[in-house]
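Basis for what follows: all heavy atoms, side chains included, without hydrogens, waters or symmetry-related copies. Note on naming: letters A, B, ... go to the chains in the order of the sequence lines (proteins, then strands), and numbering restarts at 1 for each one.
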Amino acid sequence: MKTKHSKRMDRAPFYLPIADEIDIFRAAYEQQLPVLLKGPTGCGKTRFIEHMTWLLVAPREDRPNPLITVACNEDLTASDLVGRYLIRGDETVWMDGPLTQAVRQGAICYLDEIVEARKDTMVLIHPLTDHRRILPVDKLGQIISAHPDFLLVVSYNPGYQSVLKDLKPSTRQRFVSLEFTYPPRDKEAEIIAHESGVDLTMAMELAHLAERVRELKSSGLEEGVSARLLVYAGRLIEKGLSARKACDATVVRGLSDDPQTQAAITEVVRAIFA
Amino acid sequence: MAETRSWLESRHLGRSTAGAEALELHRNLERKLAESLLAAGDELARSSVALAHRFFVGAVRLASERPEQYAWWEATVAEAGALEAGGRALVQALLELDPVALSRVPSGVADAWREALRRVGAQSTRLAAAYARALGSALTDPSPPPRDAETRLRAWAEAVLGVSSTPSWRAELLASHVADTGRDLFALFDAAAVSRWARLIALVGNVGRSPRLLSYPKECTSVPTALHGAILDCALVAAARQPAATDELVSRLGAAVVALPSRAAVSLLEAARAAAPSADLSGALLLVAAVAHEHDDSDLAYLCAAAVRVSARVPDALPAFLRSMDRSLETGGKDGFEAWLELGLELGTNNAAAARAHFRLETRTAHKLLTQHTAAVAFEEVEGLLQRYIRMLARRSLRLVSGPGIWLRPPITTTSEPLVRFPERVGLFATAEENQAFYVLSAAHAAGRFEYGTHAFSLDTYVSQGLPVNGLDLPRPGHTITDFLESFPNPLLAVGLFTLVDGLRIDARLTQEFPGLAVDIVKLGRAYVEQTTIHAGERLPEELIEALFLVSIGGHTPADLPERLAGQRGAVALVRDEMTRAASSVYDAAALTARLYWTLTLAFARAADGESDYEGAIEIGGATVIDPLEHLESGGSAPPLSSGERPETRGPDDPSPQSIRLAIDGADPDSEAGGIPLSPEELRDLIERGVKLGVSSGHADDAPALGLYITDLIGKLPSDVIADLAKAVSDGDPAAVRAWLSSQRSGRSFAYDEWDYRIEDYRRRWCRVTEEPIEGDGGAFFTETLERSREIVDAIKREFRMMRPEQFRKVRGMQHGDDFDLNALVDAQADRKGRKTPPDRLYVARRREERDVATLFLLDMSASTDEPLTAHADDAASSPRRVIDVTKETLVLMAAVLDEIGDAYAVYGFSGHGRRNVEMYPAKSFSETLGVDVKSRLGGIEPKRSTRMGAALRHAASKITKVSARARHLILLSDGFPQDYDYGDDRTSNVYGIRDTTVALRELELAGVRTFCVTVDPAGHDYLGEMCAEASYAVIEDIGDLPVALPRIYRTVTRL
């Protein structure tokens, strides 16, 4: 089973708004409209949803995990999401899947990289994302109505998919879409500084590096640098590693195996960090 | 006594000026002398009055000017007359000489000459006459006779006599010729050389139906005396084997010797002697002569000594070695060269062909050896890096090209397609890292011009800001920075200044935004400046430029400029401060350039007034001579020009570079036009080294001095293209030749190595592949075929569908799954009851079977596919079905079926003619769908020419390896074995082609592409077993079966 349950959040997950995404999400939540978070890897989608959950959904006894995250992949079956019977000792026991849990408890269910999931799995979410807000569970013979606090949020990385995998229009159009991109240099520097502990000057340089490397997106790199990698670099630097070495271990080697691309990024690292 | 002498009183004598003068002089002679003279005249007059006259005139002069010498002369003439006993040839020859001049010859020499005359005359007075004439005039040359003149004279006599006594009907003719050549060669040859020369003449002259009279080429006249003998030695060895080629060889040897310092020349001659004479060797010597002036003496000595080693061990490879040796040294440095040499010698012991290819730098291994050993970095090694680096720094993609020379700041270009020019090779520093850093810094500067506004310059804005425009040729058609700079009267100066001035600004901004670059900017700039010599004269303009250079690129501060430039400190500081201000813009730089320009021009003008031999040429950065078109490119035809061409480092006394005549022959490479093929690299090298090239019109059988042939230049070219090259060469326009070469290179062609089994190595970049369009038929063939074969297609589709597994397979016995595996459950219960631990694999999961297959169909479009099928009764077909028609149909069916099941596929045809003309015909690429265009192309496939499978496979590999699929396949459809007219040396043998194809298939397998060969050649089993991977081929006995067989094969291969 490949689900992930968020740990209890005691303090607000740090999130620096770039535009008005917070307001839009709040409005969607209050209207019980499912949300689609679109954007490249490492630009804050997961952090955002954690932040919004903290803002909007309080944990309760019957709802220990206000945010239930599922990492979607090819092997994800409907039963993985909805639930299955298991043998426990002598008995056959029904286990609710994460989606069912969220639907029952009124948590936010976040399906990360939904496009990776199988088509038959994706069909499940249709009844949940229209005005009915129901989840049919065949094996139990039940139709569960969603708790009013329940919200379905999915994420999707448009640049990364192979041609075969794409969101069908009928699926896409059930969601309110929020588009995430890499933040501008100064905001990204703030984020890096906050998350890693480096000073703002160093954070600016890291953000500058990211900006440059992202130019390669159309010529050699499938995906731009995620903020996460930059934060890693920052944390390594905080621990005493030189900036060049830290960037080498994170940005240079993490992004590509192609020697020429690595060499070119290394040169940019050398240029930015004296 | 006034005896009547009719000859003396003859009108002819008295009337001529010389005669009258002589008569006059005679009257003043001392009486005995005068009488003796007359007596001699009498004697001569008996056979010929004319001779007597001639004698008289000369003798009188001699008697008047140098009476003490007269007796000797009279005796000589008398002796000659006696020898001849009535003949006149010898006397006549003598009398053609100037006795006065002859009398000045030291007596020992003169006597030796007379003695020689006697000796030769004893054998033949005709020969003696030739000897007298030739050697006599040689002696009467104004320059003093050589020290060993007497020995030489004797040697010449020996030579003549020697040749004349050979048993041949030509002996006398040749001996006479030997004597004749003495006229010019007396001063050149020592005695040893003379005898060799004679032997050579005899050797060459006695061969062939009519005697060939060898003459010593004029190129050899400036050879140092000591070396003539060695040249002749060489020539003798060669002539013994191949007399016909002797003159050419001698001439080339001479040219080479003249061009080389003496130690190198001696070695070269030694090497040449050991090697077999051949047209190749002559050609190689010519090239050596041409490029020698580019290298310093110690290098040349070293190289020629290496040549001796090569010719000792692998004489056949000497020509190849000579042609490449200097390039190898340059590319690989001493270390690389040594390694290359050693390997070549080693190869030579077992495999002469391998050694030759190795020394020709044709093999992959040779190339690798050289580049490994050098710290120098070639552009192609860093091209990928620079491309991406610039993408990141300039935020755009630029086209990168390379050219000869070295520079740190790329030339400013604006073409319709922005491009950046880099040096081909950087070897300035001792480590590869630093050389690479040089490239990177150069790229950063080019990117900076985009980032910091240089290329955003608008002439309109400049003008509207009221910035200086005096003296500029405005308005211009364009508005870019290049247009601005071109508007100056001397654009070169403007560009150079701007590069320095704006460059300061760019560097300052780069340093600010990229602090890591600061170190390199200073370090590399300084090293670059130190290595490039700057010839600033002591004139103000040049001093200013040098100071600017040092500050702008070399990283000097105004304060630490050398003392002699102290006067420029102020000016330079102003420039620097202005450009390093944070707010400075390209317009500031432009304005400053304009002001500097006019300051300099005024200073030039003033200087010109003061100096009489003033020359207006300047150099910015010494080694970077400003070529008129270096910094400016405009228009789409952008010829690549020699930026930073090395300056004329030769002085006026240095030997001028050789000229070479090229026969540019674009004829069908099939015809054995002979001559030495010149590779594009060699031609480029010649251009860069300033060799004067001329074009000869003519064919192989013309006079031998035709030089090198470019028959193998860049593959078969249309005649107008060849004509362009011929014109560029004959115009003596190096820029145009470069442009031509580059235009050939930059056409969309791909170079691939080829495996040569005989040398057990790859021949580097041996084949040139281009992609050619297929003229489609609008889809007619496709539709028609489908119609006709509807039943077959349906049947195949059915089969495919049946064989396809379910989309989802149930997999039992899983630890996790969707559902219970009832059987396992029941067993588990039983286990529990029986107190055994039940297993936990109780679930059933549904696993998705995904098919992720990509296949490239490679189709042989060779001429043999035009063959009609004999064994098939066609139903009322208007034209007989050919092999190609059947394969086309098969492909149509495959396409239709594959389209349905959704597998990715591509179709490429191939053919071509020759290794430089392999042609690929894309019918369908992977990214295309089966649309109208593809259908049309599939129908338009037609038979072409040859079958160079190896190159086609390698190009196909480049296509399929780009596709990301879990299973990749290549299916080769052919009707025969690999074949091309120059696929290997031997047209009758297939071994080369088969071996190369084998290796190409293996390369594909190693790259993760499964290969399969399908042939309709009934003899296929003979070679496919060897060529193909195990069990990876099929021979279709009856070609009519192909349409059904191929889909079946496909299914099996891709495991449907």
Side-chain angles (χ1 to χ4, degrees), chain A residues 1-2 74-90 92 118-121 138-139 162-165 201 204-205 208-222 225 243-244 247 256 258-274, chain B residues 381-397 436-437 439-441 443-444 447-448 451 510-511 513-521 807-808 815-821 824-825 828-829 832-833 838-840 842-848 850 852 902 904 927 964-965:
Chain A
M1 288 263 262
K2 296 168 182 77
E74 251 175 28
D75 288 332
L76 194 74
T77 64
S79 338
D80 288 330
L81 281 180
V82 171
R84 52 165 60 84
Y85 280 106
L86 293 178
I87 306 276
R88 287 261 171 83
D90 262 349
T92 322
R118 291 195 224 173
K119 304 256 187 303
D120 63 342
T121 314
D138 291 336
K139 298 224 174 92
S162 60
V163 170
L164 299 170
K165 292 184 178 165
T201 318
M204 278 295 274
E205 288 178 351
H208 182 197
L209 174 64
E211 200 184 288
R212 295 284 173 189
V213 174
R214 282 172 193 146
E215 289 290 338
L216 275 186
K217 181 133 194 276
S218 31
S219 41
L221 282 188
E222 263 183 62
V225 180
R244 284 184 180 182
C247 291
S256 165
D258 171 46
Q260 288 179 328
T261 308
Q262 284 189 352
I265 300 179
T266 303
E267 289 297 335
V268 179
V269 168
R270 285 185 67 229
I272 293 181
F273 299 97
Chain B
E381 294 171 46
V382 291
E383 186 176 355
L385 186 166
L386 295 177
Q387 186 92 53
R388 292 163 173 78
Y389 185 73
I390 287 189
R391 185 86 182 76
M392 288 190 270
L393 256 57
R395 301 182 209 266
R396 71 187 68 204
S397 279
Q436 178 171 300
Y439 271 114
V440 172
L441 191 59
E451 278 284 275
L510 280 173
T511 309
E513 191 168 358
F514 297 94
L517 284 178
V519 171
D520 271 353
I521 288 180
Q807 284 282 46
F808 291 95
Q815 277 183 318
H816 305 284
D818 293 333
D819 241 330
F820 292 126
D821 181 350
L825 258 188
Q829 270 299 79
R832 201 174 281 119
K833 293 282 194 235
D840 55 357
L842 306 172
Y843 299 92
V844 152
R846 290 174 71 215
R847 282 286 158 83
R848 182 143 186 194
E850 233 171 58
D852 192 8
S927 55
S964 63

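The shortest distance between side-chain heavy atoms of B/Arg395 and A/Arg212 falls below 4.5 Å.
Ranked by heavy-atom pairs shorter than 4.5 Å toward chain A, the options B/Leu386, B/Leu393, B/Val382, B/Leu441 are led by B/Leu393. Ranked by heavy-atom pairs shorter than 4.5 Å toward chain A, the options B/Gln829, B/Glu451, B/Gln387 are led by B/Glu451.
B/Phe514 meets the ring-ring contact (aromatic ring centres under 6.0 Å, His included) test with A/His208; sequence neighbours excluded.
Across A/Val213 and B/Met392, no two heavy atoms sit closer than the pair CA-SD, 3.7 Å.
For B/Val440, the part lying near chain A is the side chain, with the backbone staying farther off; criterion is any non-hydrogen pair under 4.5 Å. Heavy atoms of B/Leu825 lying under 4.5 Å from chain A belong exclusively to its side chain.
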Name each donor-acceptor pair under 3.5 Å that joins a side chain in residues 264-274 of chain A to protein atoms two or more places apart or in another chain, with its distance.
unit_1: A/Thr266; atom_1: OG1; unit_2: A/Gln262; atom_2: O; d: 2.7
unit_1: A/Glu267; atom_1: OE1; unit_2: A/Arg270; atom_2: NH1; d: 3.2

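In this structure, CZ on B/Arg388 lies 7.5 Å from CG on A/Leu216, to the nearest 0.5 angstrom.
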